Protein chains: 2
Amino acid sequence: MASHTAEPATSDTRTTVTSAAVLDAALTLFAQRGYHGTALSQVAEALGIRTPSLYNHMRSKQELLQTIVAGTTAGVLQDFEAAVEGVSDPVERLRRATRVYALRHATHRREALIVNRDTPSLDEPARSEQQEQRRKHEHALRAIIAEGVAGGAMSVESPALASFAIREMCVSIARWFREDGPFSAEQVADQYSRFALQIAGAR
Amino acid sequence: MASHTAEPATSDTRTTVTSAAVLDAALTLFAQRGYHGTALSQVAEALGIRTPSLYNHMRSKQELLQTIVAGTTAGVLQDFEAAVEGVSDPVERLRRATRVYALRHATHRREALIVNRDTPSLDEPARSEQQEQRRKHEHALRAIIAEGVAGGAMSVESPALASFAIREMCVSIARWFREDGPFSAEQVADQYSRFALQIAGAR
DNA sequence: CCTACCGATCGGTAGG
DNA sequence: CCTACCGATCGGTAGG
């Protein structure tokens, strides 16, 4: 996996830039400054090359954003399905679904920040497609809570409200988590999945 | 080139633009597209005037952002202090503090979206000042939880983690709340303050 | 409130 | 991978 810290422009080591390196630099800068707040000249500078050379490795700035967002939302849905597959108890399904969702936001911070901030900057039809994908995950999580409530294993006034609260609580991990902080990604994920069960009133 | 700009949706024909109107248009557009994603020409167009005319009502685009962010964070701290003043029970303090925080994010959606997305776009020293103000609120909320845990009225592994989770859960209300939706702002605030108590393990 | 206009910078292309 | 360069647009100013 590519390093998260792009090579400084002052380092005069000869650079062999790849598409993956361009994507990695874009991930770091888009996450820091936002899509509209990042100039391609800054991406190029982080890689130690001139702006036009970027076009040997990508088609456009917009394509970089689409690649980042599409890959991330696909990963979220894959994670979800793998986590709940074969588990029928709604409480255990909710625990696993939120644990993996929280874990992803601690381990893929840049991707999460960009998806949540810059999805509106996608051109159509990518924008609508991505919103639809995110809605899928939202509804799947909500369905687990609704099922738990129906079966008496959970208690909440509105599954929709609880689902929103749980999701966004997990998403926000990307804003404060630090790899060198006091908690590991797994510890945070365990704690947050416990919070999720408490929000859902799981007995 | 005759003036044929589209008529603004929010004002009648040929009204005199005020500073408040400029701020309001900026609030709407910054919230929708982000600070860097909004051009002053779009703000002007929304008001039915030319871009240079904006400068009769503001000093710069950056000043608009600073006004929005500073006013919002000041309001958050005021709300907090008014809500917990004279209340000593930590559980009741947490209920009130989160209720008012959630309520604000339902009733001041645009401000909340801008603060959470575009605070990094503030020039120094405003940026550091605002981060310090937000930290104050974070620590105050955390202190309530720590006090509750110390007194046995709450139970959570890490007050810091619980505080982050609660705050960001409330902040996210600004992303989905609609005035014409199924829940009133007050109903959402009540539900979310209940979620907060559950996260904190309040008995 | 306007027109006219500024230098800077944007994403992207031409052509090697 | 580069230099040279494009048209468009940015925030902002001059001067009425």
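For the numbers below, each heavy atom of this structure counts, side chains included, while hydrogens, waters and symmetry mates do not. Computed from a prediction, not measured in an experiment: that's the story for all the values here. Throughout, a chain's letter reflects where its sequence line sits, starting with A, and its residues are numbered from 1.
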task: Answer with yes or no whether the side chains of A/E124 and A/S128 bring together a donor and an acceptor at under 3.5 Å.
output: yes
With B/T28 via side-chain hydrogen bond (donor to acceptor under 3.5 Å, both in side chains) - residues at least two apart: B/R110
- request: Please confirm whether A/R142 makes a cation-pi placement over A/F164, using NZ or CZ under 6.0 Å from the six-membered ring centre and within 45° of the ring normal.
  value: yes
statement: Residues passing the side-chain hydrogen bond (donor to acceptor under 3.5 Å, both in side chains) test with B/Q198, sequence neighbours excluded, are none
message: If I take atom CG in residue B/L54 and atom P in nucleotide C/dT3, what distance separates them, rounded to the nearest angstrom?
response: 13 Å
- prompt: Are A/H137 and A/F80 an aromatic pair by the rule of ring centers under 6.0 Å?
  reply: yes
field: Sugar-phosphate only, base, or nothing, as touched by B/H36 at under 4.0 Å among non-hydrogen atoms
entry: nothing
- prompt: Sequence neighbours excluded, which residues qualify as salt bridge (Lys or Arg N to Asp or Glu O under 4.0 Å) partners of B/R109?
  reply: none
message: Take N1-N3 plus N6-O4 or O6-N4 for Watson-Crick, N1-O2 plus O6-N3 for G-U, both under 3.5 Å. Which runs of 3 or more such pairs involve DNA chain C?
response: C:1-16 with D:1-16
- request: Tell me whether the OP1 or OP2 atom of C/dC1 has a side-chain N or O from B/R50 closer than 4.0 Å.
  value: no
- request: Calculate the interatomic distance between A/I49 atom CD1 and D/dC2 atom P; express it in whole Å.
  value: 6 Å
query: Where along nucleotides 10-16 of chain D does protein come under 4.0 Å, by heavy atom, of base (B) or sugar-phosphate alone (S), with - for untouched nucleotides?
result: SSBB---
- prompt: Does A/R135 have any side-chain hydrogen bond (donor to acceptor under 3.5 Å, both in side chains) partners at least two apart in sequence or in another chain, and if so, which?
  reply: A/E132
- prompt: How many Å lie between CD on A/E45 and C1' on C/dT9, as a whole number?
  reply: 14 Å
- prompt: Among side-chain atoms of B/N116 and B/R134, is any donor-acceptor pair under 3.5 angstrom?
  reply: yes
